[in-house]
Chemist: 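I have a structure here, written as structure tokens, and I will follow up with some questions on it.
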Amino acid sequence: MAIGRTLHSLTEVDLAALANARYTPDIIRRLQSAQFSRNALLIEALRRAVAATGDTETADVIETATLLLSEIQADRPELVRRLLVLPQFGLWAADCLIKLQNAAGHGHILEPETQHELGYVAAFAATAGLLAGRSFDVRLPVRDGIAYLPALAWVRLDSSSDATWAQIRSEGGGTAIVTGDGRRPVLFRLDRAKERAAGWTSASHLRVGSRGLSLNVALDDSDPFLSRLGPVSSSLSRESIQAWRHGLRQAWQVLAREDQIFARALAAGLTTIVPLRQATGGPSTSAASGWAWGAIALTLPPDPLTFADTLIHEFQHLVLAAVDDIVPLAKGDDEDVFYSPWRDDPRPFSGVLQGAYAFFGVADFWRKLCYARSPTARRRAETNFAMRRRNISDALAIVAESGKLTDTGQVFVRAMRKRSVEWLTDPVPAQAEMFAREISLEHQLRWRLANLSPNQQVIDSLARAWLGTPSSAPRQLDVPTTLTPSPTPRLIDRSSLLERCFTSSAEPTPTGFANADGPGDQAFIRGDMVEARIAYVRCLGQGENRDAWIGLVLVLRRMGALGDSWPVRQRIEVVAAISERVRAMTGHSPDPQILLMWARSTWAEKAPSKS
């Protein structure tokens, strides 16, 4: 098919708008256009790679499909463009290219599954042919008795056959017959695509509007490639589809009221929602991929504000991925890992940058809601904004100092940091600011305990120093650490307990936090710092729970015994390791409060090395 040569670029004005999450529908459409060019190049790369394998049968499938797409593109370029920027197209092309590269290392022999997946291009061609009213005859891949017409419908064939291919023929006019391998033929009519008919089911769409702004997206629970974004909640009932429509309508009302600039951009770029299955008792989840541009996968959010938050977060990921396709923001490999305020594991540089950009948009959203009329929404917005602005400030400092940014990336991040610094001066209630500081501290402590291992020889010397003269701490001690992410279950996430406490519409009560771990957490949540300190000290004295150090530090900070920055700068993982070594040497744990005070002298920092 015709690819053409289109040079995609972003001006300084564009980049400034993008860095501040103030992009326009025009910018979004240009990012989308770049995705079309990328996908057109991918299909040509696939065609050549398949030809190189010598697999003539698969090559014929690719050639027939691309020829049909090229013919339609000549008359209906916008139709082909719309299909090739579908998120499932990008996922399909990227997945197939990876498999072809693997096949190149094994004598270019294609596995049957790879041959079958490559045939999915015929489904796009058939969809284009139906929408254009063309005559065509192509082979369609079949999975579990179903042939897919992307974003249009799926056809259920005779399930008694285990064949993996079917034939779709059309004489034009938007009507086609799907049959093959002894299966009963299924008639598909485009003019009845919105109806349910024997043998096929149309794709679901959600259309919502508010304040003159509308959003129209596919709700796709069946596409075999979109399902790779997460465990899909397949075969949605009418009631489930209505629940999604209702949830999206309420979220759209929030966005149209609070941030019309973002709402317009979302309407221009979001094409597909992939409904994920909610695990019983599990948290809400969401995902997006730069290869699946325009799609957001998520479980049904519990309320309109969470729904809006999630759409912003994931759309920011898509935007930054598209920007990076046009103007690379990072240089070199992505092997080094860093601290990220939103993850319990060390993250590659790209992950930290992506997280900072996603939460940048989220923080901007909550900042606007700080002036909401509803006291409940306002309180929630104030605490979320206070938390996210602090996280963003920490993450952007890591990104800026990494040495990983290109010149354009430095300009981009500098603009983000400028605005994030301005946010730090925005007034928020004292309680919200306390929460932000506390949750940031909790996460950093938990991350360090889980991922950093101090040098054991130095810990041994410190333990002996403690046992000899506990009143005199060594000064300017270099304690090297190694980055060793723990394969064991992660430490208790008190951040979620804190967040629920501060964002709850009612005053926090201990009964609302039944999953708090142990008496220390329960006492902390209900505000009894004295009882919480006693419980944490008892727990550490018995050597039962390493992460009780986190609870103790939070309590002592609340009580004014420790400054804001001390626990991170002085490295809680070192203090915990000393305590554990002393217990191993003597059979008794040192008093954790005295040990913390003993460690207050300034210890030299050493950046963690990779294990």
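Positions are given from 1 along the sequence. Values in this document were obtained by computation on a predicted structure and should not be read as measured data.
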Chemist: Does the pair D364/R419 count as a salt bridge with the N-to-O cut at 4.0 Å?
Modeler: yes
Chemist: May I ask you to decide whether D407 forms a salt bridge with K331, counting only side-chain N to carboxylate O separations under 4.0 Å?
Modeler: no
Chemist: Would you check if the distance from the ring center of F365 to the ring center of F359 is below 6.0 Å?
Modeler: no
Chemist: With the side chain counted from C-beta on, respond yes when V274 and D221 share a heavy-atom pair under 4.5 Å apart, and no when they do not.
Modeler: no
Chemist: Check whether any side-chain heavy atom of I241 lies under 4.5 Å from a side-chain heavy atom of L219, and answer yes or no.
Modeler: yes
Chemist: Can you see which heavy atom on W342 is nearest to which on V352, and at what distance?
Modeler: CZ3-O, 4.3 Å
Chemist: For the residue pair R583 and S589, what are the closest heavy atoms and their distance?
Modeler: NH1-OG, 3.0 Å
Chemist: Salt bridge check, D426 against R367: does any charged N sit closer than 4.0 Å to a carboxylate O?
Modeler: yes
Chemist: Taking all heavy atoms of M585 and all of A463, pick out the closest pair and write down the distance.
Modeler: SD-CB, 3.8 Å
Chemist: Are the aromatic ring centres of H313 and Y357 under 6.0 angstrom apart?
Modeler: no
Chemist: So how far is it from Q444 CD to D394 CG, rounded to the nearest 0.5 Å?
Modeler: 5.5 Å
Chemist: Between E433 and R390, is there a side-chain N and carboxylate O pair less than 4.0 Å apart?
Modeler: yes
Chemist: Looking at D303 and R380, does any basic side-chain N land under 4.0 Å from a carboxylate oxygen?
Modeler: yes
Chemist: Is K368 paired with E258 through a side-chain N to carboxylate O contact shorter than 4.0 Å?
Modeler: no
Chemist: Assess the side chains of S420 and S393: does a donor N or O sit below 3.5 Å from an acceptor N or O?
Modeler: no
Chemist: Can you measure from CE (M387) to CD (E382) and round to the nearest 0.5 angstrom?
Modeler: 13.5 Å
Chemist: Tell me the closest heavy-atom pair linking P348 and V337, and the distance in Å.
Modeler: N-CG1, 4.0 Å
